[in-house]
Amino acid sequence: SLPEEAIYERMDSVPFTVRTGNSLDVCTTFRGTREHPSKRGAIGNVSMYNLSFEELVLGFNRGIAGELFSFFEAMPESAREGKDRLVGSGNAIRRNKLLRKALEESFAFPVTVSGCTEEAALGACICGMAGSGQTGSPEDFWKERMS
């Protein structure tokens, strides 16, 4: 097996191309969904012209982006209106430029990557501080640091 860094380097070597009718369709629900726990992933639109490493990498990233976009579409219109950018966090977005481009393609919004690393740990710390009375709330924590 390849080291993680080598995998990201290899993925980064794949050029992002505009989705066409010849692109692979990858459904990335390998462990099901909340509504359909038995649903599994699939690779569709396979032909002898598009079954390649590059198309698979693009297809998987587009599949992930499509899943996230479906969550966005399921939100009430009042929560979606006025949104014009995505803020991503986590190593999947930070280290995978193709995923960022696939998200921009799906949402038609630019993607900004969080400037902070270990976001989940930071969030847990802030919640712990709020729970122990060291700060009033997560919002208060940020207000105290931004002023």
Side-chain angles (χ1 to χ4, degrees), residues 1-130 137-146:
S1 92
L2 290 172
E4 189 174 302
E5 198 57 46
I7 294 169
Y8 280 106
E9 284 176 22
R10 181 69 171 104
M11 283 194 307
D12 277 349
S13 73
V14 174
F16 187 83
T17 57
V18 176
R19 183 179 182 81
T20 69
N22 193 43
S23 298
L24 290 177
D25 294 321
V26 179
C27 174
T28 56
T29 54
F30 302 116
R31 300 182 79 189
T33 66
R34 286 187 176 131
E35 297 81 21
H36 306 285
S38 63
K39 184 176 181 179
R40 294 298 176 256
I43 300 173
N45 200 37
V46 178
S47 76
M48 56 191 258
Y49 303 107
N50 67 3
L51 188 56
S52 67
F53 172 78
E54 291 81 6
E55 280 294 323
L56 283 167
V57 169
L58 287 170
F60 276 91
N61 281 289
R62 285 187 170 119
I64 294 166
E67 262 193 274
L68 293 171
F69 186 69
S70 69
F71 294 135
F72 180 72
E73 285 183 305
M75 293 170 62
E77 177 62 33
S78 60
R80 289 183 285 142
E81 66 186 17
K83 305 301 185 271
D84 60 2
R85 70 182 174 135
L86 296 173
V87 178
S89 64
N91 284 336
I93 289 176
R94 181 172 291 106
R95 298 178 69 186
N96 186 345
K97 71 178 181 180
L98 292 177
L99 180 55
R100 292 190 303 270
K101 291 191 177 287
L103 287 164
E104 288 176 344
E105 180 182 65
S106 290
F107 284 81
F109 296 158
V111 173
T112 302
V113 179
S114 168
C116 149
T117 59
E118 301 300 334
E119 297 91 336
L122 177 61
C125 280
I126 294 169
C127 287
M129 290 174 69
S137 69
E139 293 81 13
D140 292 339
F141 173 87
W142 290 113
K143 285 177 191 170
E144 292 165 9
R145 272 128 195 97
M146 296 304 193

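Just so you know, residue 1 is the first one in the sequence shown, and it goes up from there.
Closest of all the heavy-atom pairs between A65 and S106 is CB-OG, 3.6 Å. Between K39 and C27, the closest heavy-atom pair is CE-SG, 4.0 Å. Residues S13 and R10 approach most closely at OG-O, 2.6 Å, considering heavy atoms. Among all heavy-atom pairs drawn from N22 and N45, the shortest one is C-ND2, 3.6 Å. In this structure, F109 and E104 approach most closely via the heavy-atom pair O-CG, 3.1 Å.
With contacts defined as side-chain heavy-atom distances shorter than 4.5 Å, the pair E105/F16 qualifies. Counting heavy atoms from C-beta on, the side chains of F141 and M129 come closer than 4.5 Å. Between D25 and R19, the closest side-chain pair of non-hydrogen atoms falls below 4.5 Å.
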Next on the checklist: Before you tell me yes or no, could you show the steps for F53 and V14 under side chain to side chain contact (heavy atoms under 4.5 Å, CB included), namely the whole-Å CA-CA distance, both residues' side-chain angles and the distance that decides it to 0.1 Å?
Outcome noted: CA-CA 9 Å; F53 172 78; V14 174; 3.7 Å; yes

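The CG atom of D84 sits 13.0 Å away from the CZ atom of F107 when rounded to the nearest 0.5 Å. Atom CD of E55 is separated from atom CG of N50 by 5.5 Å, given to the nearest 0.5 angstrom. Considering CG of L58 and NZ of K101, their distance stands at 11.0 Å, rounded to 0.5 Å. For the atom pair S137 OG and K143 NZ, the distance stands at 6.5 Å (nearest 0.5 Å). With values rounded to the nearest 0.5 angstrom, T29 atom OG1 is found 11.5 Å from I64 atom CD1. Considering CG of L51 and CD1 of I43, their distance stands at 8.0 Å, rounded to 0.5 Å.
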Ignoring hydrogens and angles, write down the donor-acceptor pairs under 3.5 Å from the side chains of residues 85-99, residues two or more places apart or on other chains.
residue : atom : partner : partner atom : Å
R94     : NH2  : S114    : O            : 3.3
R94     : NH2  : C116    : O            : 2.7
R94     : NH2  : E119    : OE2          : 2.6
R95     : NH1  : E4      : OE2          : 2.5
R95     : NH2  : E5      : OE1          : 2.7
N96     : OD1  : L98     : N            : 3.1
N96     : OD1  : L99     : N            : 3.1
N96     : ND2  : N61     : OD1          : 2.9
K97     : NZ   : D12     : O            : 3.0

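Using a 4.0 Å cut-off between a side-chain N of Lys or Arg and a carboxylate O of Asp or Glu, E77 and R80 qualify as a salt bridge.
Note that R62 lies outside the cation-pi zone of F69, set by a 6.0 Å cut-off to the ring centre and a 45° limit from the axis.
The local environment of CZ in R31 is sparse, with at most 12 non-hydrogen atoms from other residues, nucleotides or ligands closer than 6.0 Å. Annotation: F30, atom CZ; neighbour count of heavy atoms from other residues, nucleotides and ligands within 6.0 Å is above 12.
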